[in-house]
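Every chain is numbered from 1 and lettered A, B, ... according to where its sequence line falls, protein lines coming before strand lines.
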Amino acid sequence: MRLSRFFLPILRETPKEAEIVSHRLMLRAGMIRQESAGIYAWLPLGLKVLNKINAIIREEQNRAGAIELLMPVIQSADLWRESGRYDDYGKEMLRIKDRHERDMLFGPTNEEMITEIFRSYVRSYKDLPLNLYHIQWKFRDEVRPRFGVMRSREFLMKDAYSFDLDAEGARHSYYKMFTAYLRTFTRMGLKAIPMRADTGPIGGNLSHEFIILASTGESEVFCHKDFLALDAPAENVDFESRAAMQGVFDTWTSKYAATSEMHDAAAYEAMPETDRVSARGIEVGHIFNFGTKYSEPMKAVVNGPDGKDVTVQMGSYGIGPSRLVAALIEANHDEAGIIWPDAVAPFNFAIANLKVGDGATDAACEKLYGELSMAGFDVLYDDRDDRPGAKFATMDLIGVPLQIIVGPKGLAEGKVEVKHRRTGEREMLSLDEVVNKFATKKG
RNA sequence: CGGGGCAUAGCGCAGUCUGGUAGCGCAUCUGCUUUGGGAGCAGAGGGUCGCAAGUUCGAAUCUUGCUGCCCCGACCA
């Protein structure tokens, strides 16, 4: 992408409403635009990051055996009357009427709808287990939206729903998502800790929140320090093996970790003081096992091996990709701006042409831009006729991991400078060295 | 939902108390000079002062109503 042709509305000053660093940086970097309280437009740079996050989520959901579909944003109230939640949900649910005065609503979650879909088609235990997910916009009419996309009213959610014949199978499904979540967050460069959690209005008896530690987090959390050093399950972990899944779950729940609602001060204080971690956290995922809470009232049943109807066991599993964008920035930034982890960076490389119009400099930039793009990388080429300082500031602000600085000084020696955004490390390389060193990394 | 605050140019703000026809910095546009960490000079454009009523010869400024947004708390992916 040539920056001169891109849409990147960067702000030099911080809009006054932004309180936390991720919100400030997202506005300054031209990632989002507030359209209403808690409602944001995603500008091109923000959307690129959001899409990269979604891609990782999809890969890990698919790996764990979940199947993607897409349900609508607008739902019928009748569905929610069946589960009893139409009255329970309260003012957080945005209710609307269509032209025929039918009661509709803007979906805050999809348990009812997925249960309706399931019961319409699935008749046999042989079709279980089944896990269906989608990535769709949700609306929750929060009393007080704040912190930009961290707590917005309209937000993107990946929600998966599992269906099993019995409680044991449902546990396995739960563990599979548990494992997939650990892998998902790790791939994004985040350390997420699963914590026993309250089930809230979703219901059920088993629930974990995935929390990343950050000083600006909204919840207070407590855990054993060993979790910070634990590695996520490997790519080849066997999701179909109940023993393997149980093993992952046991490892990650062997020590104390809880949010403030579930906090057991006695158990926490029983740990040696040096093992205790008390911090603030951001909830980036939440999983639930709720048995027959929806399948029972909505009559989601299958025929069992003995020919008798069995009410299916369900669970639901949510990740907020839009919130993750903010959480990633909270965890990865400095005074100059964002520092994207490679896996979610909107661009892999930024090329700064320090002297637009200079034949040799232009040619070197074009060569790098062409070859890195051909190698499959997302490359941002700053070809604007602007001063070097402005270009450096822009690259740092939007946080591109690798910056290639091309100017007459370096080219006189046949070199360009490669700067690593995260470490600040710089190396002088020839054009060929840059291409050889990096362009082969990606298939 | 309780409490507090704000609304003037794209962004950040002054002007409001004490009514007299709107200003500063940044950004934008033009020209010249600059060019390895957000350049300098000269010039230009851009605002029915959130909306609606009212008071007044005259309202950004005073009054009333409305709307939007932000912050603190209780609730939440």
Side-chain angles (χ1 to χ4, degrees), chain A residues 9-20 23-24 27-28 30 33-39 57 89-93 107-110 135-160 181 197-202 207-212 218-219 259 261 281-288 316-327 335-337 352-358 361 382 384-397 403-412 415-417 419 424 426 428:
Chain A
I10 280 174
L11 305 177
R12 270 181 84 151
E13 284 171 279
T14 305
K16 63 178 172 182
E17 74 270 14
E19 288 290 307
I20 62 169
H23 191 193
R24 283 202 294 271
L27 290 169
R28 285 201 54 215
R33 161 91 188 158
Q34 180 173 341
E35 292 297 339
S36 197
I39 299 179
I57 291 173
Y89 220 93
K91 300 192 80 168
E92 219 171 277
M93 184 156 75
T109 177
N110 285 64
I135 299 179
Q136 178 63 291
W137 295 97
K138 302 292 186 291
F139 195 94
R140 294 184 189 174
D141 203 354
E142 295 281 344
V143 195
R144 190 182 161 208
R146 64 185 126 168
F147 303 146
V149 297
M150 190 79 84
R151 170 153 309 285
S152 50
R153 293 196 293 170
E154 185 176 302
F155 61 98
L156 196 59
M157 181 156 96
K158 185 289 299 181
D159 37 328
Y181 275 32
D198 198 12
T199 53
I202 310 278
S207 176
H208 285 87
E209 287 183 15
F210 286 76
I211 304 274
I212 63 166
E218 285 190 276
S219 28
T259 59
E261 307 92 63
I282 300 170
E283 180 185 354
V284 290
H286 200 161
I287 61 179
F288 305 86
S316 75
Y317 315 89
I319 293 180
S322 48
R323 170 181 285 184
L324 263 173
V325 177
E335 322 72 53
N353 183 334
L354 296 195
K355 191 154 188 170
V356 172
D358 175 77
T361 312
D382 191 345
R384 298 170 304 169
D385 185 10
D386 210 340
R387 300 176 64 81
K391 299 193 176 196
F392 297 141
T394 298
M395 290 193 301
D396 286 348
L397 175 62
Q403 306 175 352
I404 306 177
I405 298 159
V406 183
K409 274 189 194 170
L411 285 177
K415 306 258 169 128
V416 297
E417 182 180 326
K419 179 185 152 192
R426 296 155 186 272
M428 297 300 293

Using the C1' atom in both, what is the distance from rA9(B) to rG45(B), to the nearest Å? 11 Å

Length of the CZ-C1' vector between Phe147(A) and rC75(B), whole Å: 14 Å

Could you work out the separation of rU8(B) and rG12(B) based on their C1' atoms and round it to a whole Å? 12 Å

If we call it a pair only when both distances are under 3.5 Å in a Watson-Crick or G-U wobble match, what pairs with rC26(B)? rG10(B)

Among rC11(B), rC6(B), rC70(B), which nucleotide has an atom closest to any side-chain atom of Glu13(A)? rC11(B)

For residues Ser322(A) and Leu156(A), report the shortest heavy-atom separation together with the two atoms involved. OG-N, 3.0 Å

Can you find a side-chain donor-acceptor pair between Gln136(A) and Asp159(A) that sits under 3.5 Å? no

Atom C1', compared across rU61(B) and rU34(B): separation rounded to whole Å: 45 Å

Provide the distance between the two P atoms, one in rG31(B) and one in rC49(B), to the nearest whole Å. 34 Å

Please tell me which of the listed nucleotides, rC70(B), rC75(B), rC11(B), lies nearest to the side chain of Glu92(A)? rC75(B)

Please tell me whether His208(A) and Phe210(A) form a close aromatic pair, meaning their ring centres lie under 6.0 Å apart. no

Taking rC70(B) as the reference, what is the distance to rC62(B) when you measure between their C1' atoms (whole Å, please)? 26 Å

Determine the Euclidean distance between corresponding C1' atoms of rG5(B) and rC41(B); express it in Å to zero decimal places. 42 Å

Pick one: which of Thr361(A), Leu411(A), Ile405(A) meets side-chain contact (heavy atoms from CB on, under 4.5 Å) with Val416(A)? Leu411(A)

Expressed in angstrom and rounded to an integer, what is the separation of His23(A) atom NE2 from rC11(B) atom P? 14 Å

Need one value for Lys91(A): base, sugar-phosphate or nothing, where a base atom within 4.0 Å counts as base even if backbone is also close, heavy atoms only. sugar-phosphate

Can you measure Arg146(A) atom CZ to rG4(B) atom P for me and round it to whole angstrom units? 18 Å

Could you identify the nucleotide paired to rU21(B), looking across every strand shown and requiring Watson-Crick or G-U wobble geometry with both distances under 3.5 Å? none

Tabulate protein N/O versus nucleotide N/O from nucleotides 37-47 of chain B, keeping only pairs under 3.5 Å, one per line.
from: rG37(B); atom 1: O6; to: Lys419(A); atom 2: NZ; distance (Å): 3.3
from: rG37(B); atom 1: O6; to: Arg426(A); atom 2: NH2; distance (Å): 2.7
from: rG37(B); atom 1: N1; to: Asp396(A); atom 2: OD2; distance (Å): 3.2
from: rG37(B); atom 1: N2; to: Asp396(A); atom 2: OD2; distance (Å): 2.4
from: rG38(B); atom 1: O2'; to: Arg12(A); atom 2: NH1; distance (Å): 3.1
from: rG38(B); atom 1: O2'; to: Arg12(A); atom 2: NH2; distance (Å): 2.3
from: rG38(B); atom 1: O6; to: Arg28(A); atom 2: NH2; distance (Å): 3.0
from: rA39(B); atom 1: OP2; to: Arg387(A); atom 2: NE; distance (Å): 3.1
from: rA39(B); atom 1: O4'; to: Arg387(A); atom 2: NE; distance (Å): 3.4
from: rA39(B); atom 1: N9; to: Arg387(A); atom 2: NH1; distance (Å): 3.4

Establish, with yes or no, whether the OP1 or OP2 oxygen of rC11(B) is under 4.0 angstrom from a side-chain nitrogen or oxygen of Thr14(A). no

Separation of atom CZ in Arg24(A) from atom P in rC70(B), rounded to whole Å: 16 Å

rC1(B) -> Watson-Crick or G-U wobble partner, both distances under 3.5 Å, gives rG73(B)

Strictly by Watson-Crick or wobble contacts shorter than 3.5 Å, is anything paired with rU35(B), and which nucleotide is it? none

For Glu142(A) and rG73(B), what is the distance between atoms CD and C1' respectively, to the nearest whole Å? 15 Å

Measure the spacing between CG of Asp382(A) and CD of Gln403(A) and express it to the nearest 0.5 Å. 10.5 Å

Can you see which heavy atom on Gly407(A) is nearest to which on Leu354(A), and at what distance? CA-CB, 4.0 Å

Spacing of the P atoms in rA59(B) and rC13(B) (rounded, Å): 28 Å

Would you classify Thr259(A) as touching base, sugar-phosphate or nothing, given that sugar-phosphate means primed atoms plus P, OP1 and OP2, and contacts are heavy atoms under 4.0 Å? nothing

For a quick check of understanding: with a heavy-atom distance under 4.0 Å over all strands, which category does Lys355(A) fall into, base, sugar-phosphate or nothing? nothing

Write down the distance separating the P atoms in rA44(B) and rG23(B), rounded off to the nearest Å. 14 Å

note: Glu19(A), atom CD; rC6(B), atom C1'; distance rounded to Å ~ 13 Å

Considering only NZ, NE, NH1 and NH2 on the basic side and carboxylate oxygens on the acidic side, decide whether Asp386(A) and Lys391(A) come within less than 4.0 Å. no

Does Pro408(A) or Gly318(A) map to a spot on RNA chain B nearer the 5' end, using the closest nucleotide for each? Pro408(A)

Assess whether a salt bridge exists between Arg140(A) and Glu92(A), defined as any Lys/Arg side-chain N lying under 4.0 Å from an Asp/Glu carboxylate O. no

How would you label the contact of Lys16(A) with the nucleic acid (heavy atoms, under 4.0 Å): base, sugar-phosphate, or nothing? sugar-phosphate

Where Glu13(A) and Arg28(A) come nearest, the two heavy atoms and their spacing: O-CG, 4.1 Å

Under 3.5 Å for both donor-acceptor distances, Watson-Crick or wobble: does rA52(B) have a partner, and if so which one? rU64(B)

Rounding to a whole Å, what distance do you find between Asp385(A):CG and rG31(B):P? 12 Å

Report which part of the nucleic acid Gly407(A) touches: base, sugar-phosphate, or nothing (heavy-atom distance under 4.0 Å, all strands). base

To the nearest angstrom, the CD-P distance between Glu17(A) and rG4(B) comes to 23 Å

